[in-house]
Each structure stands twice: as C-alpha cells, then as structure tokens.
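Here is the structure we will look at, set down as structure tokens.
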Amino acid sequence: MKKININELYKMKAQGQKIVMITAYDALFARLFDESADIVLVGDSLNMSFGGKDSTIDISVDEMIYHAKAVKRGLKHAYMVVDMPFASCATLELAVKNCAKVCQQTLCDAIKIEGGAELAPTIKLLKSAGIAVVAHIGLKPQHSVLEGGFVVCRDESTALSDAKALEDAGAAMLLIEGTLSHIAAKIASSANIPVISIGAGASTDGQVLVWSDMLGFFTDFKPKFVRRYMDGAQLVKQAVANYADDVRSGKFPAKEHEYEL
C-alpha cells in the first residue's frame, strides 16, 4: 500500500469516495488501523480517553509530540494529522514556533487547529511556511470552558463564513465537529477541500471517530454520534479474568510455554 498524500485525498473528494479517519495514540494501534484508515489523527482527545482527564485543555505540545512520534512509527499508508493543543497557536509567533516544532519532530503530514475565521491569518502564515493545516470548526472542545460545556453548533451563518474564510486562507482540509447535519452538508458541497465530520452528519467527504469510543473501550459515556463496533472493554476484562483464573489454578503456564535444555 502506497503512502497517502494530500493529492490523493483531494482526488477522493472529487470522485465522491468517502475518506476514513480514526484517532491513534501509539504505534501498536496505529499499525492496526493503518490498513483500513486513509487518515490517522493524533488527537488531543488522548488526554481524556488515554489520560483519564475531564477535558483536552491541559495537554502540552511535548506530550502531543511524544504520542505522535509513536504513531508515526506504526504508519506506512495513512496520512497523519496531529492536534495542536490548547493555546499553542494563540499568537502568530506561537503558532509558527509550535507547529514547526511538531512537524519537525514527528514528521506528520499536517497539523490541526481549532478555531473559526479569526485563525485565517495564522493558517495563511503557516501555509507560507510549508505547513499543512486542518482547520477544526463547529463544536470546539478546547473552547468548552469558555462556552460552559460541549455546545453543538447551530449557527449556520457563522459556520459557513468560518469555513469559507479558512479555506480561502489556505486550509488543506476542514474538520467539522458537533454541528447540525444540514449545515455541514452545505459546507461540504461548497468547499473545494475535503470536509471531515465527527458528529456532523453523513453528507461530508469523510468521517472520524475516536478509536476508544468506536471500539467500546471508553465507557464513561457514549456520545450521540458514536457507533460502537465492538464491546472492547468487556472483551478485555473477560480475557484478563481468564488469564487470572489460569494463573491461580495453575493452568498457565503450561509445558508448551516453558524453555527446555
């Protein structure tokens, strides 16, 4: 399987071929997902699903780099995107410094930044520096404290104007989260760049889910937009229980698991 580049993703949009994106946080799962996914996102969602935190706010650039470097080692095929964490692109100077650091140290294909039309100058500058940007609009988890929670985007005018401004500034792709589906459909049909949905309906160019949500490992809550493709938590619990039983009963290790002279 050849490595996917941005031109392949644009071709998929033009041909009406759906784009598959999934998160990954380490080399092991990146390797497992690589065969099926077109894009792997090293999402700051790892702060919640992997780190046990209540939000994505307090993860650092260096922590994102650590996980992204591991993911990179597991990929041969998928296009790789890395989330820029909270406030890491708050100014033009910070954006160039932090995004360049992430790209240089992880060799990712693109970075992702949450924000609306106000990010247009940032995206324009990053593009001029050779950095591909996935713009994240709609529900923005990094704004959850400011907005008093995870607020679904219902403002069609703002969403449409954000999407156009960010595309015009040079965004390579758009990710739309937690947005009314008819709004996302309008954005996808008018945009010349790929538009990926998470909780924004089926009428976009592709979909992304957090792997621990879709495989049933994260069980604290289930977002409305998630489909669980397996009950991973229960399968793991049962497997570990079986292992514990075998150890305690003396069934493991058996003769075939021992080294001999």
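His136 and Glu177 share a side-chain donor-acceptor pair at under 3.5 Å. With no hydrogens or angles considered, no side-chain donor-acceptor pair links Gln17 and Asp205 at under 3.5 Å. Counting only N and O atoms by type, the side chains of Tyr25 and Ser212 include no donor and acceptor under 3.5 Å apart.
Ion pairing between Glu167 and Lys164 fails under the 4.0 Å rule for side-chain N and carboxylate O. Of the charged side-chain nitrogens involved, none lies within less than 4.0 Å of a carboxylate oxygen, so that Lys18 and Asp38 do not count as a salt-bridged pair. Between Lys53 and Asp58 a salt bridge is recorded (basic side-chain N to carboxylate O distance below 4.0 Å). Contact check on Glu8 versus Lys3 returns no salt bridge, with no Lys/Arg side-chain nitrogen under 4.0 Å from an Asp/Glu carboxylate oxygen.
Counting heavy-atom neighbours within 6.0 Å of Lys251 NZ, excluding the residue itself, gives a total of 12 or less.
Between Tyr10 and Ala171, the shortest heavy-atom distance links the atoms OH-O, 4.2 Å. Residues Val82 and Cys108 share a closest heavy-atom pair of CG2-CB, 3.6 Å.
By the 4.5 Å side-chain criterion applied to Ile, Leu, Val, Met, Phe, Trp and Tyr, Phe218 is assigned to a cluster that also includes Phe221. Residue Leu94 is found outside any hydrophobic cluster, as its side-chain heavy atoms come under 4.5 Å of no other Ile, Leu, Val, Met, Phe, Trp or Tyr.
Residues Leu119 and Leu166 meet the side-chain proximity criterion, which asks for heavy atoms closer than 4.5 Å. Using a 4.5 Å heavy-atom cutoff, the side chains of Leu41 and Lys112 are in contact.
Screening residues 142-160 for salt bridge (charged side-chain N to carboxylate O under 4.0 Å, His left out) gives Glu156-Lys186 as the qualifying pairs, with residues at least two apart or on separate chains.
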